[in-house]
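Here the structure comes first, spelled out in structure tokens, and everything after it is commentary.
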Amino acid sequence: MKLSRVLRIARAGRSRKAVAAGCGISTSIISNTEGGLSKNLRLDTSFKLAEGYKIPWLVLICVGLREYGFLSAPGARPVPRNRTRVRNPND
């Protein structure tokens, strides 16, 4: 699930202004994050978003890392790392 979708679901029934007041950040940051335009989720911003949306900050961090490609999907197998290094015999 994408970060923008998680935030939109968590905001259900509230306006962006109400969430921004609870977060202490501007509505433009909320709009960009919910719209999927923001590709840089900072820790301090994620803590504030978690407080305003009333969801655990660890959920936001994990969803953001998964969306940006740093975490694999739940249940995915790890990538095998069985490559061998080929050395040049002339070295």
Side-chain angles (χ1 to χ4, degrees):
M1 186 178 291
K2 293 190 176 242
L3 178 63
S4 58
R5 182 164 168 79
V6 169
L7 293 178
R8 274 186 264 134
I9 291 171
R11 186 178 59 87
R14 295 186 291 168
S15 68
R16 287 187 177 139
K17 281 188 176 185
V19 173
C23 295
I25 57 178
S26 68
T27 56
S28 64
I29 293 174
I30 291 176
S31 297
N32 288 341
T33 309
E34 279 189 8
L37 301 175
S38 177
K39 297 296 178 192
N40 184 12
L41 181 65
R42 296 175 24 183
L43 281 178
D44 59 338
T45 306
S46 65
F47 292 143
K48 290 178 182 180
L49 286 173
E51 181 181 337
Y53 282 95
K54 295 178 178 43
I55 56 177
W57 64 269
L58 191 58
V59 171
L60 287 180
I61 297 294
C62 289
V63 169
L65 288 175
R66 190 168 294 124
E67 183 176 343
Y68 304 145
F70 294 110
L71 272 179
S72 58
R77 294 185 181 185
V79 177
R81 304 277 187 214
N82 57 1
R83 298 185 318 184
T84 57
R85 185 174 178 180
V86 179
R87 297 183 185 261
N88 191 351
N90 296 329
D91 287 342

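- Contact record, Ala50 with Pro56: CB-C, 4.1 Å, taken as the closest heavy-atom pair.
- Every side chain to side chain contact (heavy atoms under 4.5 Å, CB included) that Thr27 has, sequence neighbours left out, goes to Lys17, Ala20.
- Between Gly36 and Ser4 the shortest heavy-atom distance is N-CB, 3.9 Å.
- Every side chain to side chain contact (heavy atoms under 4.5 Å, CB included) that Ile29 has, sequence neighbours left out, goes to Ile25, Ser26, Thr33, Thr45.
- No side-chain heavy atom of Leu49 sits under 4.5 Å from any side-chain heavy atom of Val19.
- Residues in residues 6-42 take part in no ring pair (Phe, Tyr, Trp, His ring centres under 6.0 Å) pair, two or more places apart or across chains.
- Within 6.0 Å of CZ in Arg14 there are more than 12 heavy atoms belonging to other residues, nucleotides or ligands.
- Applying the 6.0 Å contact sphere to NZ of Lys2 captures no more than 12 heavy atoms from other residues, nucleotides or ligands.
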Under 3.5 Å, side-chain donor or acceptor atoms of residues 61-69 against the rest of the protein: list the pairs with distances, not counting sequence neighbours.
| residue | atom | partner | partner atom | Å |
| --- | --- | --- | --- | --- |
| Arg66 | NE | Ser72 | O | 3.3 |
| Glu67 | OE1 | Leu3 | N | 2.9 |

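- Residue pairs meeting the salt bridge (charged side-chain N to carboxylate O under 4.0 Å, His left out) criterion with at least one member in residues 44-64, sequence neighbours excluded, are Arg42-Asp44.
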Legend entry - Candidate pair Val6 and Ile55, rule side chain to side chain contact (heavy atoms under 4.5 Å, CB included), full reasoning: CA-CA 10 Å; Val6 169; Ile55 56 177; 4.2 Å; yes
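- For Glu34, the side chain to side chain contact (heavy atoms under 4.5 Å, CB included) partners two or more places apart in sequence, or in a different chain, are Leu7, Arg8, Arg11, Arg16, Ile30, Tyr53.
- Checked against ring-ring contact (aromatic ring centres under 6.0 Å, His included), Phe47 has the following partners two or more places apart in sequence or in another chain: Trp57.
- Formation of a donor-acceptor pair under 3.5 Å by the Ser31 side chain with backbone atoms of Ser28 is not found in this model.
- Evaluation of the salt bridge (charged side-chain N to carboxylate O under 4.0 Å, His left out) test over residues 18-28, restricted to residues two or more places apart or in two chains, returns none.
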